[in-house]
A.B. asks: 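Dumping the structure here so I can ask a few things about it.
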There are 2 protein chains.
Amino acid sequence: MKKDLRIIKTQESLRHALLTLLKSKPLETITIAELCRLANINRGTFYLHYRDVHGVFKHYLEVIIEDFRQSYEEPYYKTNFHIQNIKADMVKIFHHVKKYQDFYQIIFDERIPMTYYYLLFDTIRSFMKENLDDSPWMGEPNIKLEYLLSYQTNAILGILMEWHRQEYKTSIQELNQQLIAILSINNLFTRG
Amino acid sequence: MKKDLRIIKTQESLRHALLTLLKSKPLETITIAELCRLANINRGTFYLHYRDVHGVFKHYLEVIIEDFRQSYEEPYYKTNFHIQNIKADMVKIFHHVKKYQDFYQIIFDERIPMTYYYLLFDTIRSFMKENLDDSPWMGEPNIKLEYLLSYQTNAILGILMEWHRQEYKTSIQELNQQLIAILSINNLFTRG
DNA sequence: ATTTTTAATGAACAGTTGTTCAATAAAAAT
DNA sequence: ATTTTTATTGAACAACTGTTCATTAAAAAT
């Protein structure tokens, strides 16, 4: 019932080769042919496992997302103040991105397809969804959760995008302060 | 000092051919070769004007963005209530996307590179930046505008993404109501 | 109207892509 | 240990890519 050893070997070779190539050239310039040459895998075999180079990369991303999920689920002391819980959650996100900075640099690259962005989006969005249950405005009748979730999720991704553009120079502490400041400013949003 | 007529003719042929092909197949599957065949342009000539098929598409997008800019700049009666001004601005964005729905369906496709997303992002972000001057929290000392702008811009793009995922079935009025509701909910954000 | 400049063409090249198929080799099942 | 199943290989194919270069044709400048 286990997976054929050859399959594992082939896929690992390809993934390893991709990592090696990524050290010297951008993802978008890596061809299937050169990947196979380096991995000592027949090019025909490649297509038995992946459709394109992105398929190989995506596998890595799935591992990273899994790690993300685990570190996010880790319990912490939840206060009754929603903003403090938010804060604790966001710190986790920032730490995760920092941890895999090399990958996120690729994901946010303008030549890369939206797939990866959406993968990250959906992950964070599912986190948000869980948190929503403990939130104070769950009673709101005339609000579609879908829009609220996508709004808030993508807002956070906006912070990450800006972080990326500033080449990850902003510290996590600083990032956190900014987020808090933004949230309290939006508090004034409707009054101004 | 004017541009050579041949250049204009060639580029127009290619753009027109792209539009035709887009009616029957997704952007990502259109090859340079077939585009040139349809446009009656030598493939070598193509490379004198564009690097890839996306280059041709991007030209269209630039025209669309220009139209966006113009419709956004149109004056309207600004109230003293920031949220009402926001509302009027957002309606413009929604209308624009609806107007060019066929294009935005492509731009938000997961196979498409992030470039287009960023182009839209930067456009909306520049609108936001203008508006920021009249906003009540400009005095805030310890906040970096860059992060605030990216946060708010991408939040709006989150709404657009959700709209896209729901196949643009939500009406603009409904969309607007949702946005207002979200903004007032975020008002509670820090208190909960 | 003629000359000059510049764009478009066609042909050719090595390399990549995606697919098929018979032959081989390696793992799994007995 | 032998058989059965399944993955990998290598070769071949047509089509696409990105580039070069001499030739042709069409605009622009005079």
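Convention: sequence-line order gives letters A, B, ...; per-chain numbering from 1.
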A.B. asks: Would you say NZ of B/Lys98 has more than 12 non-hydrogen atoms from neighbouring residues, nucleotides or ligands within 6.0 angstrom?
C.D. replies: yes
A.B. asks: Please report, rounded to the nearest Å, how far the P atom of C/dA29 is from the CG atom of A/Leu5.
C.D. replies: 11 Å
A.B. asks: Measure from the side-chain heavy atoms of A/Asp4 and tell me the nearest of C/dT16, D/dA27, C/dA27.
C.D. replies: C/dA27
A.B. asks: Hey, are A/Lys92 and A/Glu74 close enough for a salt bridge, meaning a charged N less than 4.0 Å from a carboxylate O?
C.D. replies: no
A.B. asks: Using a cut-off of 6.0 Å, state whether more than 12 heavy atoms not belonging to A/Lys129 lie near its atom NZ.
C.D. replies: no
A.B. asks: When you measure from the side chain of A/Ser24 to the backbone N and O of A/Leu21, does any donor-acceptor pair fall under 3.5 Å?
C.D. replies: yes
A.B. asks: Kindly say whether, by distance alone, the side chain of B/Arg6 makes a donor-acceptor pair under 3.5 Å with the base of C/dA8?
C.D. replies: no
A.B. asks: Take the C1' atoms of the five end pairs on each side of the helix from C/dA1-D/dT30 to C/dT30-D/dA1, get both axes, and report the angle to 10 degrees.
C.D. replies: 30°
A.B. asks: Which residues within residues 34-50 of chain B lie with some heavy atom under 4.0 Å of an atom in DNA chain D?
C.D. replies: B/Arg37, B/Arg43, B/Tyr47
A.B. asks: Can any side-chain N or O of A/Ser126 pair as donor or acceptor with the backbone N or O of A/Thr123 at less than 3.5 Å?
C.D. replies: yes
A.B. asks: Which residues pass the salt bridge (charged side-chain N to carboxylate O under 4.0 Å, His left out) test with B/Arg15, sequence neighbours left out?
C.D. replies: none
A.B. asks: Donor-acceptor pair, distance only, cut-off 3.5 Å: does the side chain of A/Gln178 make one with the backbone of B/Lys144?
C.D. replies: yes
A.B. asks: Between C/dT16 atom C1' and A/Glu28 atom CD, what is the distance in whole Å?
C.D. replies: 15 Å
A.B. asks: In chain order, what residues pass the side chain to side chain donor-acceptor pair (under 3.5 Å) check against B/His16, with sequence neighbours excluded?
C.D. replies: none
A.B. asks: Check DNA chain D against residues 7-25 of chain A and give the residues with a non-hydrogen atom under 4.0 Å, in numerical order.
C.D. replies: A/Ile7, A/Thr10
A.B. asks: Check the pair A/Glu146 / A/Arg125 against salt bridge (Lys or Arg N to Asp or Glu O under 4.0 Å), numbers first and verdict last.
C.D. replies: CA-CA 10 Å; A/Glu146 304 310 316; A/Arg125 195 174 186 275; 2.9 Å; yes
A.B. asks: Scan residues 33-55 of chain B for pairs that pass salt bridge (charged side-chain N to carboxylate O under 4.0 Å, His left out), counting only residues two or more places apart or in two chains.
C.D. replies: B/Lys25-B/Glu34
A.B. asks: Return the value, rounded to whole Å, for the distance between atom CZ of B/Arg51 and atom P of D/dG18.
C.D. replies: 8 Å
A.B. asks: Answer yes or no: is there a donor N or O on one side and an acceptor on the other, between the side chain of A/Asn154 and the main chain of B/Ala155, under 3.5 Å?
C.D. replies: no
